[in-house]
Amino acid sequence: MMPRDLLERLTGLLGPAAVLAEGPDLEPYAVDWRKLFPGKPACVVRPSSAEQVAGIVRICREAGAAIVPQGGNTGLAGGAVPDASGTQVVLSLNRMAAIRNVDPVGLTLEAEAGCILKVAQDAAAAAGRLLPISLAAEGSATIGGVVAANAGGVNVLRYGMTRSLVLGLEVVLPDGTIANGLRRLRKDNAGYDWKQLFIGSEGTLGIVTAAILRLLPRPKHSVTALLSVVDPAAALRLLELAQDELGDQISAFELISATSMQLVAKHAGLKTPIAEGEWFVLIEAASSLAGLREAAEAMLGMAFEREIALDGVIAESGAQAAQLWALREHVTESEAREGKSVKHDVSVPLTEVPRFLHEAGEALAAGAPGTRVNAFGHLGDGNIHYNVLVDHGHDPNVVNRIVHDMVAAFGGSISAEHGIGQYRVGELARYRASTEMELARRLKRALDPESLLNPGKVLLP
Ligand code: FAD
Ligand code: MLT
Ligand code: ZN
């Protein structure tokens, strides 16, 4: 039970409607999307301004109550939910959801942290511009969450991670200070670029209350194709051909295994329109110049001539493109419906992906027989979701160790885009050099010496 005076002070600051103290209303804020980390909030607070966020931080700091910032709670590393102690305050940004400004000439969009990513994408599109952060959770994920997680998604190979799209941030620090860096400048070398510290810090260093994001001109034409290939090595040859023929117009290059497609068919009832295969590649290219479709058709022809692709289709309409994308976007949910999986959001050097997939498969067959691999992801940037379907007879720690040791052997990362949260906090300490971990702890101590923000996430307590 949270201390009465803390509840009274928070209610006094925010009003009773913005403080959830008990009952079923708390549930959506208490458990992560994967239902791996059932937490117990002391309460949930829903501020409507940066000033209110700052007031909450000051009150909680005086009361010694930790704060867990939460956006859309779609994170896959358990970073946005409290522990089970009943002492942590969940601070939801979902009432701070305004789009403040869209500048189609200066190519900027300013939004509050709780703004849903899809709403921001649509605001950019309405102005004829593109906000190229695209992930299957975009209907619930928030601007603050994608900044705090430095989210990746399907367009990274062309536009970079969220980090590369952030121009300015407003952040409430663990002492209640509001740091306002909401500048729309493309170039600003005046002093430390401190916003970088908060991008990808997963709510452990500061609370993002607003952001200014960089927009791109919206390409007039796009083309989407689904091809089947014999193996990941052929998928890489297809990437090379696509780069030769479509250049930097490629905006997505997704690898999808047969297992992924079987799960989507089983749980979402969606089937691929091309002949069955072992591996599939979904390619999207976009450009404002004419001739994109012709170039894509020529590329497809070459892929067949050179026996790189077994089968393939180019979407004839926006609706058909959406059908092809639905196959990819339903993989995560279909996997969740299939049962327990040990997720690995890994990246290895791009050209090593085929060998990694092979070696990791061999190691799992030897070390964790009976597991099934659901491999898919953003091949174009070397990020594979190497998710291992397990049953009660498998030890997730054994599976984790096999896969992450293999990632380390390939010089890869154990978290390409989902972050560490609480899900991988032990793994980070194991695979990152002690000097890097000590530097991270120093930064945490400098900004949040009382470990007020999101304790237990990213860094071991
Ligand atoms: P939350 O889950 O609420 O929070 C995420 C982290 O950020 C937590 O540590 C939280 O404490 C912190 N946080 C949230 N808001 C703030 C704030 N305002 N200030 C400070 N800290 C904050 N991710 C990818 O990168 N690429 C993908 O392709 C992808 N696909 C997904 C598909 C599905 C179906 C699902 C369910 C998730 C997927 N994700 C993906 C993961 C998730 O959508 C992203 O991590 C997203 O950025 C989380 O946004 P959110 O608003 O839900 O954040
Ligand atoms: C996605 O790309 O769909 C998610 O990041 C992957 C996952 O669910 O593991
Ligand atoms: Zn992903």
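Counting convention: from 1, in listed order, for ligands and their atoms alike. The analysis underlying the following values was restricted to heavy atoms, covering all of them including side chains, and did not include hydrogens, waters or symmetry mates. What you see is a predicted model; the values in this text were computed from it and never measured.
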Participant: Check whether Tyr423 forms a cation-pi arrangement with Arg34 (NZ or CZ under 6.0 Å from the six-membered ring centre, at most 45° off the ring normal).
Facilitator: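 Yes, Arg34 sits over the ring of Tyr423.
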Participant: Among Val154, Val81, Thr142, Val172, which one has a heavy atom closest to atom 51 (O) of ligand 1?
Facilitator: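 Among Val154, Val81, Thr142, Val172, the closest heavy atom to atom 51 (O) of ligand 1 belongs to Thr142.
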Participant: Can we say Asp405 and Arg430 salt-bridge, meaning some charged N sits less than 4.0 Å from an Asp/Glu carboxylate O?
Facilitator: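 Yes, Asp405 and Arg430 are salt-bridged.
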Participant: With atoms numbered from 1 as shown, which atoms in ligand 1 lie under 4.0 angstrom from a non-hydrogen atom of Ala80?
Facilitator: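 That gives atoms 1 (P), 2 (O), 3 (O), 4 (O), 8 (C), 10 (C), 11 (O) of ligand 1.
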Participant: Could an N or O of ligand 1 be found under 3.5 Å from any N or O of Gly72, whether backbone or side chain?
Facilitator: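 Yes, at least one N or O pair falls under 3.5 Å.
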Participant: Quick test of your reading of the structure: of Glu254, His378, Glu202, whose heavy atom lies closest to atom 9 (O) of ligand 1?
Facilitator: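 Closest candidate by heavy-atom distance is Glu202.
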Participant: Heavy-atom distances under 4.0 Å are what count here, so tell me which part of Val146 touches ligand 1: side chain, backbone, both or neither.
Facilitator: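 Under 4.0 Å from ligand 1, Val146 contributes backbone and side-chain atoms.
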Participant: Which ligand 1 atoms, with their elements, are less than 4.0 angstrom from a heavy-atom of Gln70?
Facilitator: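 This gives 3 (O), 15 (N) as the contact atoms.
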Participant: Kindly compute the distance separating CG (Leu157) from CD1 (Ile250), expressed to the nearest 0.5 Å.
Facilitator: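 Answer rounded to 0.5 Å: 6.5 Å.
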Participant: Which residue supplies the protein heavy atom nearest to atom 35 (C) of ligand 1, what is that atom called, and how far is it?
Facilitator: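 I find the closest protein heavy atom is Ala137 CB, 3.6 Å.
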Participant: Using a 4.0 Å cutoff against the non-hydrogen atoms of Phe376, which atoms of ligand 2 qualify?
Facilitator: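 So the atoms of ligand 2 that pass are 3 (O), 6 (C), 7 (C), 9 (O).
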Participant: Is there at least one pair of N or O atoms, one from Ala113 and one from ligand 1, spaced under 3.5 Å apart?
Facilitator: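 Looking only at distances, the answer is no, because the N/O contact criterion of under 3.5 Å is not met.
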Participant: For residues Pro47 and Leu91, report the shortest heavy-atom separation together with the two atoms involved.
Facilitator: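 So the two residues come closest at CG-CD2, 3.8 Å.
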Participant: Can you pull out the closest protein heavy atom to atom 14 (C) of ligand 1? Residue, atom name and distance to 0.1 Å, please.
Facilitator: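 Heavy-atom neighbour on the protein nearest atom 14 (C) of ligand 1: Gly71 N, 3.6 Å.
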Participant: Please state whether the rings of His385 and Phe376 are parallel, tilted or perpendicular, taking 30° and 60° as the class boundaries.
Facilitator: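 The rings of His385 and Phe376 sit tilted, inter-plane angle from 30° to 60°.
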Participant: Which atoms from ligand 1 have a heavy atom of Gly206 less than 4.0 Å away?
Facilitator: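 The atoms of ligand 1 under 4.0 Å from a heavy atom of Gly206 are 20 (C).
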Participant: Find all atoms of ligand 1 within a distance of less than 4.0 Å from any non-hydrogen atom belonging to Gly203, and give their numbers and elements.
Facilitator: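 Listed by number with element: 20 (C), 21 (N).
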Participant: Mind listing the closest non-hydrogen atom pair of Arg163 and Ile199 along with its distance?
Facilitator: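 Closest pair (atom of Arg163, atom of Ile199, distance): NH2-O, 2.8 Å.
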Participant: Among Arg34, Glu254, Glu335, Arg328, which one has a heavy atom closest to atom 1 (C) of ligand 2?
Facilitator: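 Result: the heavy atom closest to atom 1 (C) of ligand 2 is in Arg328.
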Participant: Pair Glu438, Arg445 - check salt bridge (Lys or Arg N to Asp or Glu O under 4.0 Å), show working.
Facilitator: CA-CA 10 Å; Glu438 177 46 31; Arg445 280 196 298 269; 2.9 Å; yes
Participant: Of all the heavy-atom pairs spanning Ala65 and Leu6, show the shortest one and how long it is.
Facilitator: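 Looks like CB-CD2, 3.7 Å.
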Participant: Is Gln320 atom CD crowded by more than 12 heavy atoms from other residues, nucleotides or ligands, each under 6.0 Å away?
Facilitator: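 Yes, the 6.0 Å shell around CD holds more than 12 heavy atoms from other groups.
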Participant: Taking the Zn ion (ligand 3) as the reference point, name the nearest N/O/S atom of His378.
Facilitator: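 This residue's closest N, O or S atom turns out to be NE2.
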Participant: For ligand 1, which atoms, with element, lie under 4.0 Å from some heavy atom of Leu93?
Facilitator: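 Near Leu93, the atoms of ligand 1 are 18 (N).
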Participant: If we only consider heavy atoms of Val68, is any one of them less than 4.0 Å away from an atom in ligand 1?
Facilitator: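 Heavy atoms of Val68 never come under 4.0 Å of ligand 1.
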Participant: Measuring from atom CG of Leu452 to atom CG of Leu173, what distance do you get when rounded to the nearest 0.5 angstrom?
Facilitator: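 Between Leu452 CG and Leu173 CG, I get 11.5 Å after rounding to 0.5 Å.
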Participant: For atom 30 (N) of ligand 1, what is the closest protein heavy atom, and at what distance to 0.1 Å?
Facilitator: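 Ranking protein heavy atoms by distance from atom 30 (N) of ligand 1, first comes Leu135 CB, 4.0 Å.
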Participant: Quick one: which ligand 1 atoms are inside 4.0 Å of a heavy atom on Gly152?
Facilitator: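 Once the distances to Gly152 are compared, the set is 24 (C), 25 (O).
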Participant: Minimum heavy-atom separation for Val147 and Leu169, please, with both atom names.
Facilitator: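 In this case the closest contact between Val147 and Leu169 is CG1-CD2, 3.9 Å.
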Participant: Within the 4.0 Å heavy-atom shell around His418, which atoms of ligand 2 are there?
Facilitator: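 Matching atoms, with element in brackets: 4 (C), 5 (O), 6 (C), 7 (C), 9 (O).
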Participant: From the options Glu138, His418, Lys457, select the one whose nearest heavy atom is closest to atom 40 (C) of ligand 1.
Facilitator: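 When every heavy atom of Glu138, His418, Lys457 is considered, His418 comes closest to atom 40 (C) of ligand 1.
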Participant: Could you tell me whether Asn387 approaches ligand 2 through its side chain, its backbone, both or neither, with non-hydrogen atoms closer than 4.0 Å?
Facilitator: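 Looking at Asn387 and ligand 2, just side chain atoms fall under 4.0 Å.
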Participant: Is the shortest distance from a heavy atom of Gly421 to ligand 1 less than 4.0 Å?
Facilitator: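 No heavy atom of Gly421 comes that close to ligand 1.
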Participant: Check the orientation of His404 and Tyr431. Use parallel for under 30°, tilted for 30 to 60°, and perpendicular for over 60°.
Facilitator: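 Ring orientation of His404 relative to Tyr431: perpendicular.
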Participant: May I ask you to say whether Glu110 pairs ionically with Arg183, meaning some side-chain N is under 4.0 Å from a carboxylate O?
Facilitator: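 Salt bridge absent between Glu110 and Arg183.
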Participant: In ligand 1, which numbered atoms sit nearer than 4.0 Å to a non-hydrogen atom of Ala151?
Facilitator: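 In order of number, 25 (O), 47 (O).
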Participant: Who's the nearest protein heavy-atom neighbour of atom 38 (C) of ligand 1, and how far?
Facilitator: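 So the nearest neighbour among protein heavy atoms is Leu76 CD1, 3.6 Å.
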Participant: Measuring from atom 16 (C) of ligand 1, which candidate in Ala136, Gly75, Gly144 has the nearest non-hydrogen atom?
Facilitator: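 Result: the heavy atom closest to atom 16 (C) of ligand 1 is in Gly144.
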Participant: Suppose we only allow N, O or S atoms; which atom of His385 ends up nearest to the Zn ion (ligand 3)?
Facilitator: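 Sorting the N, O and S atoms of His385 by distance to the Zn ion (ligand 3) puts NE2 first.
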Participant: So, is Glu417 polar-close to ligand 1, with some N/O to N/O distance under 3.5 Å?
Facilitator: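 Between Glu417 and ligand 1 (N or O atoms, distance only) the closest approach is under 3.5 Å.
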Participant: Please state whether Leu76 comes within less than 4.0 angstrom of ligand 2, counting heavy atoms only.
Facilitator: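 In this structure, Leu76 qualifies as a contact of ligand 2 - some heavy atom is under 4.0 Å.
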Participant: Under 4.0 Å from a heavy atom of Lys343: which atoms of ligand 2 are those, numbered in the order shown and with their elements?
Facilitator: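 With Lys343 as reference, the close atoms of ligand 2 come out as 7 (C), 8 (O), 9 (O).
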Participant: Is a salt bridge present between Arg58 and Glu62, judged by a nitrogen-to-oxygen distance below 4.0 Å?
Facilitator: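 No, this pair does not count.
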Participant: Between Glu329 and ligand 2, which residue portion shows a heavy-atom distance shorter than 4.0 Å: side chain, backbone, both, or neither?
Facilitator: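 Neither; no heavy atom under 4.0 Å.
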Participant: If you count heavy atoms of other groups shown closer than 6.0 angstrom to CZ of Arg432, is the number above 12?
Facilitator: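 Check fails, neighbour count at 12 or below.
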Participant: Nearest protein heavy atom to atom 43 (O) of ligand 1, by residue and atom, and its distance?
Facilitator: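 Closest protein heavy atom to atom 43 (O) of ligand 1: Thr74 OG1, 2.7 Å.
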Participant: Find all atoms of ligand 2 within a distance of less than 4.0 Å from any non-hydrogen atom belonging to Thr332, and give their numbers and elements.
Facilitator: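 Atoms satisfying the 4.0 Å criterion: 1 (C), 3 (O), 4 (C), 6 (C), 7 (C), 8 (O).
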Participant: Indicate the atoms forming the closest heavy-atom contact of Phe356 with Val407, along with that distance.
Facilitator: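 Looks like CE1-CG2, 3.7 Å.
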Participant: Test of understanding: given a 4.0 Å heavy-atom threshold, classify the contact between Asp345 and ligand 2 as side chain, backbone, both, or neither.
Facilitator: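 Answer for Asp345: neither.
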Participant: Would His418 count as a contact for the Zn ion (ligand 3), in the sense that one of its N, O or S atoms lies under 2.8 Å from it?
Facilitator: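 No N, O or S atom of His418 is closer than 2.8 Å to the Zn ion (ligand 3), so no.
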Participant: Tell me the protein heavy atom at minimum distance from atom 10 (C) of ligand 1, and give that distance in Å.
Facilitator: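 Heavy-atom neighbour on the protein nearest atom 10 (C) of ligand 1: Pro69 O, 3.2 Å.
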Participant: Restricting to N, O or S atoms, which atom of Glu417 is closest to the Zn ion (ligand 3)?
Facilitator: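 Nearest N/O/S atom of Glu417: OE2.
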Participant: Run down the list Ala148, Gly78, Gly419 and name the one with the heavy atom closest to atom 13 (N) of ligand 1.
Facilitator: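 Residue with the shortest heavy-atom distance to the ligand atom: Ala148.
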Participant: If you count the atoms of ligand 1 from 1 in the order shown, which ones are under 4.0 Å from a heavy atom of Val208?
Facilitator: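 Every atom of ligand 1 under 4.0 Å from some heavy atom of Val208: 17 (C), 18 (N), 19 (N), 20 (C).
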Participant: What do we get for Asn454 next to ligand 1 when only non-hydrogen atoms under 4.0 Å count, side chain, backbone, both or neither?
Facilitator: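 The side chain, only.
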Participant: Below 4.0 angstrom, N of the basic side chain to O of the carboxylate: do Lys457 and Glu202 qualify?
Facilitator: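 Here Lys457 does not pair with Glu202 in a salt bridge, since their nearest N and O are not under 4.0 Å apart.
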Participant: What heavy-atom pair brings Cys115 and Ala111 nearest, and what distance separates the two atoms?
Facilitator: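 Shortest heavy-atom separation between Cys115 and Ala111 comes out as CB-CB, 4.0 Å.
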Participant: Once rounded to the nearest 0.5 Å, what's the spacing between atom CD1 of Ile59 and atom CG of Leu10?
Facilitator: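 Result: 5.0 Å between the selected atoms.
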